[in-house]
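Everything on this sheet refers to the single structure shown next.
Throughout, protein chains are lettered first and strands after them, A, B, ... in sequence-line order, and every chain is numbered starting at 1. These numbers come from a predicted model, not from an experiment.
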Number of protein chains: 2
Amino acid sequence: MKNDIAEILKRNQLSVTESRAKILELFHESRSALAHADIENKTDESYDRVTIYRTLQTFVEKGIIHTIPTADNSVLYALCKDECTQGKHNDNHVHFICDICGTTYCLDHITVPEINLPKGFTPHCTDVVASGICKNCK
Amino acid sequence: MKNDIAEILKRNQLSVTESRAKILELFHESRSALAHADIENKTDESYDRVTIYRTLQTFVEKGIIHTIPTADNSVLYALCKDECTQGKHNDNHVHFICDICGTTYCLDHITVPEINLPKGFTPHCTDVVASGICKNCK
DNA sequence: AAAATATTTGCAACAAAGTTGCATACTGTT
DNA sequence: AACAGTATGCAACTTTGTTGCAAATATTTT
Ligand SMILES: [Mn+2]
Ligand SMILES: [Mn+2]
Ligand SMILES: [Zn+2]
Ligand SMILES: [Zn+2]
């Protein structure tokens with residue numbers, strides 16, 4: 001496991017540091033999306049806020065994690081499961097945010113539908129975020 | 001026009017104040033979504049930041065405007081055109097954010113498609129935000 | 001394995017965004 | 001015109017995110 005994590009970092013031309021390994025591990029362990037604050041908490045504030053910001057940013061650039069837009073102005077991150085690479089994200093799946101427990105799921109098997117836009121609009125990517133009650137809270 | 005604006009406020013049981021009228025007018029004049037900062041600028045900073053925050057919050061509660069989720073952690077607001085009321089929003093249309101000019105459009109005539117969620121997930125509302133190149137920037 | 005080089009980290013200082021309490025000003029009502 | 005209710009602006013504060021830089025750590029070279 002520890003080795004797997006290091007492997008992923010190396011594959012992405014990132015030097016293997018404690019904070020990066022730990023944060024990446026958190027994402028692999030978690031079944032749901034994580035916010036910056038979640039990471040601070042789950043690491044017992046062992047790492048500086050700035051380091052976490054920079055790590056998340058790096059991971060997004062490398063195509064290791066993707067961001068999830070939310071209505072309440074908080075940024076969430078989750079592992080990319082598709083073949084995302086440096087600068088080329090391809091996470092065209094639906095996200096679900098539970099109104100009760102707040103958990104955010106990547107529904108990897110539900111792909112975002114084609115949307116018929118008006119003339120003149122050329123889509124580059126489409127985000128679909130559903131909210132409601134999740135399987136654990138019903 | 002001025003009277004229309006006052007009418008809308010009264011209809012929503014809001015007292016008619018200069019800032020509320022001006023901000024609501026801005027939304028009616030604008031063809032695109034507005035951020036808090038846009039409103040500060042377009043009003044020449046005549047109103048306190050706090051007043052703008054509180055006005056936007058009030059308008060959202062009353063169903064006069066709705067928020068639009070964005071990937072970059074900025075909150076956008078736009079007029080509700082459907083029959084939204086106090087606490088009951090019904091803005092099930094697609095939004096489009098232009099990667100070039102940054103303009104955010106409510107595509108009022110494009111309704112969000114039905115999404116087939118996995119067993120156990122009950123959707124309450126669904127946000128669809130497409131991004132790409134808009135009609136003005138192509 | 002040690003030295004040299006490249007990269008990352010943590011700190012400090014800052015900037016931007018959002019919140020709260022309270023006195024003053026304004027709106028709608030009597 | 002006076003009153004009661006509400007909204008505004010200010011100050012003070014919190015939370016979130018950014019930047020420069022020296023010290024620490026990781027990788028490469030010898
Ligand atoms: Mn996802
Ligand atoms: Mn809209
Ligand atoms: Zn839940
Ligand atoms: Zn555009």
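What separates NZ of A:Lys10 from C1' of D:dT28 is a distance of 14 Å, to the nearest Å. The distance from atom CD1 of A:Ile52 to atom P of D:dT16 is 12 Å, rounded to the nearest whole Å. Atom OH of A:Tyr53 and atom P of D:dT18 are 7 Å apart (whole Å). Counting to the nearest Å, the C1' atom of D:dT16 and the CD atom of A:Gln57 are 14 Å from each other.
Under the rule for a side-chain contact (heavy atoms from CB on, under 4.5 Å), the partners of B:Ala35 that lie at least two apart in sequence or sit in another chain are B:Asp38, B:Leu76. Shown here are the side chain to side chain donor-acceptor pair (under 3.5 Å) partners of B:Thr126, two or more places apart in sequence or in another chain: there are none. Checked against side-chain contact (heavy atoms from CB on, under 4.5 Å), A:Thr111 has no partners two or more places apart in sequence or in another chain. In this structure B:Ala37 satisfies the side-chain contact (heavy atoms from CB on, under 4.5 Å) test with no other residue, sequence neighbours excluded. Partners of A:Asn41 according to the side-chain contact (heavy atoms from CB on, under 4.5 Å) rule, which considers only residues two or more places apart in sequence or in another chain, are A:Glu45. Taking B:His89 as the reference, B:Asp91 meet the side chain to side chain donor-acceptor pair (under 3.5 Å) condition, with sequence neighbours excluded.
Connectivity analysis of hydrophobic side chains (ILVMFWY, heavy atoms under 4.5 Å, direct or indirect) links B:Ile133 to B:Ile100. Alongside B:Tyr105, the hydrophobic cluster contains A:Val94, A:Phe96, A:Tyr105, A:Leu107, A:Ile110, A:Val112, A:Ile115, A:Leu117, A:Phe121, A:Val128, B:Val94, B:Phe96, B:Leu107, B:Ile110, B:Val112, B:Ile115, B:Leu117, B:Phe121, B:Val128 (criterion: ILVMFWY side chains under 4.5 Å).
Axis angle, first five pairs versus last five pairs of the helix from C:dA1-D:dT30 to C:dT30-D:dA1: 30°, rounded to 10°.
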Exercise answer: donor-acceptor pairs, residues 47-54 of chain B side-chain atoms, under 3.5 Å, sequence neighbours excluded:
residue, atom, partner, partner atom, Å
B:Tyr47, OH, B:Glu18, OE2, 2.9
B:Asp48, OD2, B:Val50, N, 2.9

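When side chains are defined from C-beta on, A:Leu9 does not count as touching A:Ser15, because their heavy atoms never get closer than 4.5 Å.
From the 5' end on, the contacts that DNA chain C makes with chain B at under 4.0 Å to a non-hydrogen atom open and close at C:dA17 to C:dG28.
A donor and an acceptor atom, one from each side chain of A:Asp72 and A:Ser74, are located under 3.5 Å apart.
Position along DNA chain C of the nearest nucleotide to A:Arg49 versus B:Asn73 favours A:Arg49 as the more 5'-ward residue.
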Practice task
Sugar-phosphate means primed atoms, P, OP1 and OP2; the rest is base. With that split, encode nucleotides 3-9 of chain D 5' to 3' as B, S or - using protein heavy atoms under 4.0 Å.
Solution key: ----SBB
